[in-house]
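Basis for what follows: all heavy atoms, side chains included, without hydrogens, waters or symmetry-related copies. Residue numbering restarts at 1 for every chain, and letters A, B, ... go by the order of the sequence lines.
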Amino acid sequence: MPLKNGHTQPHTSASSWRWALLGLALLIAFLLPWPLSPLWIRIATEVIMWAGLAQSWNIIGGYTGYLSFGHGAFFGVGAYMTGIVMLHLGWPFALGILISGIAAALMAVIIGYPTLRLRGAYFAIATWAFGEMIRQIATILEITGGAFGMQLPAYLNLPFFYYLFLLVTGLTYLTTYLLLERSPFGYKLLAIREHEEAAEMVGVDTVIIKIKAFALSAFFPGVLGGIYAYWVTYIHPDSVLGAQLTDFMVVMAFLGGIGSLWGPFLGAVVVQLVNRVLWLVWGEGTFYLVIIGAAICAVVLFIPSGIIGLLQSRIFLPGTAWKEIRKKVKW
Amino acid sequence: MLIDGLLIGGLIIVVGIGFSLCFGVMHIVDFAVGEWVMLGAYTGFILVRYFGHDPMIYLPLVFLIFCALGWAIYPLIYRAVSGKRHNPVLMGLVFTFGLSILAKGGALSVWGYHIQSITTWLSGKSLALGPLTIPALRFSGFLFGILITLLLMLFLYKTRLGITIRATAQDREMANLLGTDVRKVGALVYSLYAGVTGMSGILIGALFSIHAAMGVKYCTLAFFVVVLAGMGYVPGVIIAGLILGLLQSFVGVYIGGRYNLVALFMVMYGVLLITPKGILRRGI
């Protein structure tokens, strides 16, 4: 089976073209808040946050091949952790998000230790049940404010949060690139995904590697959750621990293309923009769940390699577009 | 209280058996199991509202409806888990995850967040057994569970088709080589599973309440039962279902119903740590 890794070619002109594109994208991202209205800054901030969340899901779900259906719990734990640190302990925000990330990663180690030793299906079930359990605990405990949630001190500075999310999401992508695309650690993860027994046979310590990957993929949602809590200032169990968080991470990563560096980014941009436009047009509703569910099913059935898989084929060369799409889209 | 737990366990067994069978034969972990229960409950509710009569007489009809639904959906699932995919098991997981979101979203959009319930002629009555009084509805739910379980067991162990299904579960490739149409067996198992689960939805709806987001609860319970029993080991489901019922009513009485999921997860976590193949060490 060929390893799906499009980023290990030598530095050719195509590669430097890619770097130029990345630089341009970063420049646009930095300048974006100026021309936008507050509403659209908010939406851009959300898109960037989701890009980070989808990528962190991708670390365990895409690169390692272990589907975590409770990843929203790490986001919620991060949000509540920052809330508790700031409200009850009175510590600064920066310390809060750091503690959030570490708490989420620790939780991942504790959950991952028994479940990652088993087949993927057990892991999916265990993480899913874990997410539900955390939500229930948050509604019971006194320190989290129960079902009413927590009110954090307000800090109304949209560009600040925009750049902070940009920084953390950027770090998520940088970490993924350095650790998963350019280091032995990444190759070990790919080996586990493609054939776990064989990887173990050639001397990969699969249990430790998987736990490391899971902790890494939990750390970033923890930090992002902490920032989110301070950004929206009011959190409650349904908003930061609801099942929709995990649903969105999964659909974004799958739509964009799992196991690739830029797939989750593309997925996040597409899904969140569509979601917000629908919200602006129709208002609050539950119909978006139908669309998400149908999108997940359709992607699994027809384009398992996601948008990035479509883009990586040569659809931009004249004359080949339709043929390439026909090849990638599996009827 | 002990009896109460055992009675609820009976219904959970039915949901768990289909789920376990589904995993054993096709290696599909169906995330939509709770949504089958929910859709079954709503189907029963709608049938009662428009045609009257007692919900109990609709059990066979709902069974047939959901068999047909399962049969219709199976080709899509088969497509998701076969072919040139990187990881078929995970593709199946994600696909059924998508199905469950779709069903839940559809139900929420159509019926909203209202909580409904089904009343049967048994509701509110109770049986006196010596010193004990048992709610009749719970007892009939338990009887239903035992009956369906027995029928399924008979089917699996005594008929030719059942033996084929077990052979496929044991060694898929060998069964295929010996001339079993594995795809047809899968379709049969999936439609059987959907039918049984949808049917038990009516009783669950009569015993508890019906709302569009109820699936999560039964999905958790089914997962719990199957992990406890060992994935794919059907007879273990019976013991695990009874343990689950006992645990639930025990936690509900002594610790508080709010801690139900926490307790379930702790036990599941412990089982995964100590005997990952289930308490009988027979899972796969």
Check [X] against [Y] and note the closest heavy-atom contact, atom names and distance.
{"X": "M268(B)", "Y": "A126(A)", "result": "CE-CA, 4.2 Å"}
{"X": "C219(B)", "Y": "W128(A)", "result": "CB-CH2, 3.5 Å"}
{"X": "Q136(A)", "Y": "V262(B)", "result": "OE1-N, 3.5 Å"}
{"X": "L102(B)", "Y": "A294(A)", "result": "CD1-N, 3.7 Å"}

Pick one of side chain, backbone, both or neither for [X], based on which atoms fall under 4.5 Å of a heavy atom in chain B.
{"X": "Y113(A)", "answer": "side chain"}
{"X": "I134(A)", "answer": "neither"}
{"X": "L289(A)", "answer": "both"}
{"X": "V250(A)", "answer": "side chain"}

Between F97(B) and chain A, with a heavy-atom cut-off of 4.5 Å, which part of the residue counts as in contact: side chain, backbone, both or neither? side chain
To the nearest 0.5 Å, what is the distance between CD1 (I101(B)) and CD1 (I291(A))?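 Reported to 0.5 Å precision, the distance equals 12.5 Å.
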So, taking the atom named CG in D247(A) and the one named OG in S100(B), what distance separates them when rounded to the nearest 0.5 Å?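 Between D247(A) CG and S100(B) OG, I get 7.5 Å after rounding to 0.5 Å.
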For atom CE of M133(A), is the number of surrounding heavy atoms from other residues, nucleotides or ligands below 6.0 Å larger than 12?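 Enclosed.
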Dump the intermediate steps for side chain to side chain contact (heavy atoms under 4.5 Å, CB included) on C297(A) and L76(B), then the final yes or no. CA-CA 9 Å; C297(A) 293; L76(B) 293 180; over 6 Å; no
If you tally heavy-atom pairs under 4.5 Å against chain A, which of T220(B), L108(B), V94(B) wins? V94(B)
